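So the structure is just underneath, and the comments pick up after that.
Owing to the predicted nature of the structure, the values given are computational and were not obtained by experimental measurement.
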Amino acid sequence: MTEPKISIRNLYKVFGPRPQDVLSKVKDGMGKTELLKDHGHALGLNNINVDMAPGEITVIMGLSGSGKSTLIRHLNRLIEPTSGEVIVSGEDILTYNAAQLRDMRRKCMSMVFQKFALLPHRTVLENAATALIIDGLPQAEWEPEATRWLERVGLSGQGGQYPHQLSGGMQQRVGIARALTSNSDIMLMDEAFSALDPLIRTDMQDLLLELQKELNKTIVFITHDLDEALKLADHLVILKDGQVIQQGEPQHILINPNDPYIMDFIADINRARVLRAGTVMTKGGDTTGLSHEADASATLEDLIAASDGNTNVTFIVTSHGENVGTLSMTDVVKSLVPAHTEVVADFRTSR
Amino acid sequence: MANFDWIFNTLGLREWCDGDGGGGNAPLSMADLLAKASGEAPETSLWNTPFPSMDVLNDACSVFPQSRSVALGLENGFLGIKDSLSAVLDPITQPLSWALHNALWFFETTPWWIMIPLLTLLALLVSRSWLLAAFVGGSFVGLAFIDYYDYTMQTLAIIFVCTLICILLGVPIGIAMSRSDRFQNGMIPVLDMLQTLPPFVYLIPLIFLFSVTEPKLYGIAIILYAIVPVVRLTNLGIRLVDEEVIEAADAFGMTKRQKLYGVQIPLALPNIMAGVNQTIMMSLAMVVIASLVSAPGLGVLVLRGIRNLELGVGLLSGLGIVLLAIILDRLTKAALARVNAAQKS
């Protein structure tokens, strides 16, 4: 296991006039509603522990009010925690003074915002170069850099325009270019695609994955949309009422949800498109006499298409050219139904 | 026998009241005089019982101060600190006198055939509108034609200096207010007072403090009256800057100074400009009143119109002020519209 790039340890955030005084009550297990009713303090985050590996996309998912936006703002200290540690590249950033913090924000972390938050009085090019301009670089240095990233996100030739002249999707491309131009290892994305319409959102997700393949940044992505989370996540963290209720590999969470809240969440998604052969296969297994092959990263939808409707097929699942397991179509079809609905079905047939 | 004698009697203060020889120093009112002449104290029914004001209580007890002594005390108090106050304020405000003096000199001595084209050109540059520039040029030509050129230039010079100083002082105050809630809460009552106190009222202490021959006398009056909108709207403008943009500025590591000059002021500019527009309008209103304390310009003519009942002079000079107001208002609004167009979000 590699050293995590960002590591959050025992993080608490209490909003109110005297957060330190009620912190011990939270640590003793007082709940959100009780705290608000009896002490007038709102519990933002409750004992968060998350490790984020370098070069991975960590998606933090939760409904509004779950504390996900509060959490991401702790990573660059736009919000100060009540207690806990945030360790970035081995250093606890909570010990940083104002100058160190500014330096970290300029060079190590960049952020993409839900409502784009571009500077309306600066051109697209100047917006994209924000981080370098803040750092005091001359125009001769920031201009080619910003132009390069604008081109990379598909906005070549638009540098002279003002943000209000662009559509929402294009404005967010500027937001991404701005984050990339800073050349930081870490990108924080706060509901970056939530304000865009569905087709453009898919485009932007593809763009992000493509960029990630090439750049290998550590990305922290906030979303309330499960499909988006499953598409992007290497590591998925699910928040509810300021607490992490489950985290891990998204496929694993999908197969083994440990909380009714998550079961509700995943009940509506298209499992065929999300689950992968590697997740539902039987490890090892006898491969003799089998002709169909499938990659471990293929979705079940791909397998169904490949089987041509023949339910007797059993696939050999391969990863990097090696056989890793087998997967019968029966298992494929079974895994399309979430675990708890199976129980309901059993109950119906037995009556 | 006066009303409310019983108060002093029951409190056992009768002796204190009469101790001074009784009614010696207070001047008699007309009613007292009448009562004395008819030889009897007026009987008052319960219905007519007066409010126990200072004057009425003075009737009952002559040692009790009359209400006029409140005003007198205030006046004496002010006269007491006047010398030390003007010793402090005089040198501080001297640059204002100097600035007004020079501006008046500049506007008056520049020949009309330079000044009118210059102002027209300035209007064109600010508004980028030929129509407005033509209106400005035409207005000045018209005012010069009826021999009001000098007065107009004096008024313009005073407004120019006072507005400039209002901006130089008001914008930083507004910024400070936007940064500190406590400072804002302290400043708002002061601004409210400046805005609602009748302008005639603060002319009076200023006359005591400064020599009437000094231009700063009216300069201060105009600035005090006109600075309020630019302060308020700077504060408001900066507080209204989009929260998320400020967050983005922080997230990319801007220093406070970079944030102020690079984000907050540019985004608050439309509001600040609206404040400047209001400040100009208010200083134009005040420049007329300030002619009561020797401010030159069109206000002098208005004053002449009132004093000598010269209807024509009053109307013409009033019209001149309206023209100036329209010109300054349209020009600042044109500038504002250009700022707005550049950064609509």
Side-chain angles (χ1 to χ4, degrees), chain A residues 69 72-73 75-80 96 98-123 126-136 161-166 168 171 174-175 178-179 181-184 186-191 195, chain B residues 126 128 167 171 174-175 178-182 185 233-276 332-345:
Chain A
S69 287
I72 202 172
R73 277 164 179 70
L75 299 180
N76 56 3
R77 276 178 68 189
L78 285 177
I79 298 178
E80 296 288 332
Y96 280 7
Q100 284 174 304
L101 185 63
R102 269 202 306 275
D103 202 55
M104 181 199 73
R105 286 173 178 174
R106 285 179 194 176
K107 293 181 179 140
C108 306
M109 267 186 206
S110 51
M111 196 160 178
V112 182
F113 292 86
Q114 180 176 10
K115 294 191 200 104
F116 325 135
L118 302 172
L119 301 181
H121 60 296
R122 301 257 178 95
T123 61
E126 286 167 334
N127 263 295
T130 301
L132 303 181
I133 294 175
I134 290 172
D135 213 20
Q161 287 188 292
Y162 284 90
H164 68 88
Q165 294 168 308
L166 304 181
Q171 287 191 35
V174 180
R178 172 169 74 174
T181 308
S182 77
N183 266 323
S184 57
I186 301 169
M187 252 171 97
L188 309 177
M189 307 187 76
D190 180 21
E191 302 227 23
Chain B
V126 170
R128 302 274 158 87
I167 296 170
V171 170
I175 291 170
S178 71
R179 289 189 165 193
S180 152
D181 283 338
R182 273 173 72 187
N185 292 341
L233 283 159
T234 302
N235 174 34
L236 182 75
I238 291 185
R239 282 176 186 265
L240 284 182
V241 171
D242 186 1
E243 201 69 37
E244 214 180 22
V245 174
I246 294 295
E247 211 171 37
D250 280 330
F252 282 94
M254 281 198 191
T255 60
K256 269 193 145 180
R257 173 183 288 266
Q258 285 174 323
K259 213 162 61 178
L260 181 65
Y261 291 108
V263 183
Q264 287 171 314
I265 291 183
L267 294 189
L269 206 54
N271 273 313
I272 297 176
M273 295 282 281
V276 171
T332 42
K333 281 201 179 133
L336 176 64
R338 277 178 49 206
V339 171
N340 271 336
Q343 54 164 265
K344 120 186 95 161
S345 50

Item to complete: Could you tell me which residues in residues 234-244 of chain B have at least one non-hydrogen atom under 4.5 Å from a non-hydrogen atom of chain A, sorted by residue number?
Response: B:E244
Practice prompt. Could you please state which residues from residues 98-106 of chain A sit under 4.5 angstrom from chain B, measuring non-hydrogen atom to non-hydrogen atom, sorted by number, or 'none'?
Written response: A:R102, A:R105, A:R106
Fill in: Engaged part of A:Y162 at the chain B interface, taking heavy atoms whose separation is under 4.5 Å
side chain
Discussion item. Once side chain to side chain donor-acceptor pair (under 3.5 Å) is applied, do any residues pair with A:N127, and if so which ones, sequence neighbours excluded?
Written reply: none
Discussion item. Let me confirm one number: the OG1-CZ distance from A:T181 to B:F252, rounded to the nearest 0.5 Å.
Written reply: 8.5 Å
Worksheet item: How close do A:L118 and B:V245 get, heavy atom to heavy atom, and via which atoms?
Response: O-CG2, 3.8 Å
Response to the item:
If one checks every heavy atom of A:I134 against chain B at 4.5 Å, the contacting part turns out to be both
Worksheet entry | Top of A:G175, A:A117, A:A131 for chain B proximity - count of heavy-atom pairs under 4.5 angstrom | A:A117
Practice prompt. Heavy-atom distances under 4.5 Å only: say whether A:Q165 touches chain B with side chain, backbone, both or neither.
Written response: neither
Discussion item. With a 6.0 Å cut-off (strictly less than), is the heavy-atom count around NZ of A:K115, excluding the residue itself, greater than 12?
Written reply: no
Worksheet item: With A:S184, which residues qualify under side chain to side chain donor-acceptor pair (under 3.5 Å), at least two apart?
Response: A:S110, A:S182
Worksheet entry | Side-chain donor/acceptor of A:H121 to backbone N/O of B:G262, under 3.5 Å | yes
Practice prompt. Kindly compute the distance separating OG1 (A:T130) from CE (B:M254), expressed to the nearest 0.5 Å.
Written response: 6.0 Å
Worksheet item: Are side-chain heavy atoms of A:R73 and B:E247 found at a separation under 4.5 Å?
Response: yes
Item to complete: Locate the shortest heavy-atom distance separating B:A251 from A:L78; write the atom from each residue and the value.
Response: N-CD2, 4.0 Å
